[in-house]
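The figures that follow rest on heavy atoms only: side chains count, while hydrogens, waters and symmetry mates do not. Residues take their numbers from the sequence shown, with the count starting at 1.
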Amino acid sequence: MRTLAAAALVLVAVPAFAAERPAIKVNRWQEDRPDTSLTLGLTLRERIETGDAASFGGEPSDTSLSQRFQVHADARKGGWQGFVQIEDVRAFGRRDIGPADQNRLDLRLAFVGYEAEVWGGKANVRVGRQDFPIDQQRFLSARDGPGVRQSFDAVWADWSRGPWKLAGFVSQPVQYHDDEAFDDTSSGNVRLDLIRVERKAPGGAVSAYAARFARSTARYVDAVGEEDRQAYDLRYLGGAGALDWDLEAMVQRGDVGTSDARAWAAGGRIGWTLKSLSWKPRLGFQVDTASGDARPGDGRVGTFDPLYPNAAYFTRAAYTGYANLVHVKPSVTVTPAKGLAVTAALAGQWRRETTDAIYAQPFVPLSGTAGRGGRWTGAYAHLRADYAFNPSLTGTIEAVHYEAGSALRASGRDDSDYLGVELKYGW
């Protein structure tokens, strides 16, 4: 595997290959290609991370190398598309390896799609193993932050005409295993189905979707059993002059075992870009909040389930998850050189309900936090720099210092630091 990684890095020195290709996208199957073509490609991501574990000092510090290597083939002809992607994800030196950290030699994507003109618009259908990040990816994402991205065995269909777009899918989320090669599976034990509508307008777009998430076994602080949860989401994305915004809210209804599920969440990002100034600073402000369980034993689960969140939505350190929280984060981003963006931010976090736990990514209650301590979770400083060396190679450096608040210290936890350095190459 290391030989393959070294060979891929050698390709960086041959820019002619990358120059002949369309723009490389995070989802390689979405890249613009000729109607009749056969394309081979690869993606390599190397990330070194060091710092305290996500449990805020509850585990020893460590340094690890996360390596994601993917190869794919994309065949297109007459509106048809066949796409296959194999991946190998390793976590060298990591003490606690979970399903999102390592997946050695497995099938990531394999689908057949067809595109055609229907009722005066464009229709797409895809069948097979695929991914479909939704909107800002607060609650449904391809999980690009950790080593192992999230895939779904699904049937997807969409239709667009003018400013309107309708989309929907039925799926079984892939469950990841690392015992042997090609052992990832999906089953009816976990289901996610969704239907979405979007209306574009000058300067923005409004979208809404309804989803159903079901799994045979779920475990919450206040309930255990079969889960069947419906989610209703509304998002408004737009910009006007120097101002940009991204606002989203979700409510959830359903059952967990014998308990009712009643939860909600909302998030917003607003920015003001001073285009007339050097480095074009963008002043940003982010607010996020999600419900927690207020009264244990009352037959109602109030904890918001972030479904399949983007683990890097707050920071790549992924300290806390999108459940039972209030998060406020002002920031400033500057572009001191072409291809370089630097962001600095300070953030504060509280939990909405002291009776509920503090949650780590993606949705893991930290032991000993439920019912102990106050609302104040803590504050963190965040510094990040992204640089595009060329269309094929990008780099990121990110540092986070988290100052633990009373709610964490009451459970014996402490401050935490994170440093990550990443290189990502696509061919």
Side-chain angles (χ1 to χ4, degrees), residues 99-100 131-143 150-156 167-176 186-197 207-235 248-267 288-311 313 320-326 351-353 355-365 370:
D131 55 16
F132 21 76
I134 301 295
D135 299 330
Q136 182 61 46
Q137 302 188 51
R138 292 180 178 93
F139 314 130
L140 290 175
S141 78
R143 198 172 63 185
Q150 180 64 53
S151 302
F152 301 81
D153 289 335
V155 176
W156 163 283
F169 62 81
V170 293
S171 78
Q172 295 179 172
V174 175
Q175 308 300 300
Y176 291 91
S186 71
S187 72
N189 291 329
V190 184
R191 290 288 307 273
L192 177 65
D193 307 322
L194 180 146
I195 185 168
R196 179 180 183 271
V197 59
S207 62
Y209 68 78
R212 175 178 179 255
F213 176 67
R215 51 183 171 174
S216 58
T217 303
R219 181 175 296 274
Y220 291 82
V221 173
D222 194 34
V224 177
E226 184 177 354
E227 180 175 15
D228 193 334
R229 193 178 284 240
Q230 297 81 49
Y232 306 95
D233 186 274
L234 179 64
R235 183 190 184 218
E248 187 174 8
M250 177 184 283
V251 295
Q252 296 178 342
R253 297 291 184 267
D255 305 287
V256 180
T258 58
S259 299
D260 295 331
R262 300 289 185 270
W264 56 269
D288 302 280
T289 184
S291 63
D293 195 59
R295 290 179 294 276
D298 65 349
R300 174 176 292 186
V301 177
T303 307
F304 180 77
D305 187 339
L307 303 178
Y308 292 92
N310 178 3
Y313 175 72
T320 53
Y322 214 116
N324 189 32
L325 95 160
V326 176
R351 55 177 168 176
R352 293 197 61 88
E353 308 294 345
T355 50
D356 202 349
I358 297 171
Y359 289 81
Q361 285 284 358
F363 187 44
V364 180

* D288-Y322 side chain donor-acceptor pair, cut-off 3.5 Å -> yes
* To do: Please work out whether the ring planes of W156 and F169 are parallel, tilted or perpendicular, with thresholds of 30° and 60°.
  => parallel
* Counting distance only, does the side-chain N/O of T355 pair as donor-acceptor with the main-chain N or O of A294 below 3.5 Å? -> yes
* Asked: Is the side chain of R351 donor-acceptor paired with the backbone N or O of D356 at a distance under 3.5 Å, no angle test?
  -> yes
* To do: Please confirm whether the backbone N or O of P309 pairs with a side-chain atom of S141, one donor and one acceptor, at under 3.5 Å?
  => yes
* Does N324 offer a backbone N or O that forms a donor-acceptor pair with the side chain of T303 under 3.5 Å? -> no
* Taking the side chain from D228 and the backbone from G254, do they hold a donor-acceptor pair closer than 3.5 Å? -> no
* If you count the non-hydrogen atoms of other residues, nucleotides and ligands that lie under 6.0 Å from CZ in R253, is the total more than 12? -> yes
* Structure fact -> In this structure, CE of M250 is separated from CG of L307 (nearest 0.5 Å) by 5.5 Å
* Indicate yes or no for a side-chain donor-acceptor contact from D293 to the backbone of G302 under 3.5 Å, with no hydrogens or angles considered. => yes
* Close aromatic pair by centroid cut-off 6.0 Å: F304 and F363 -> no
* Check whether more than 12 heavy atoms from other residues, nucleotides or ligands sit under 6.0 Å from atom CZ of R300, and answer yes or no. => no
* Asked: Just by modelled atom types, is the V301 backbone N or O under 3.5 Å from a matching donor or acceptor in the S259 side chain?
  -> no
* For Q175, does its backbone N or O pair with a side-chain atom of S186 as donor and acceptor, under 3.5 Å? -> no
* To do: Would you name the heavy atoms of V221 and P365 that are closest together and state the gap between them?
  => CG2-CB, 4.2 Å
* To do: Working to the nearest 0.5 Å, report the span between CD1 of I195 and CZ of R212.
  => 15.0 Å
* Pairing of R191 and D193 as salt bridge, 4.0 angstrom limit -> yes
* Give a yes or no on whether the backbone of W264 and the side-chain of S291 come within a donor-acceptor separation of less than 3.5 Å. => yes
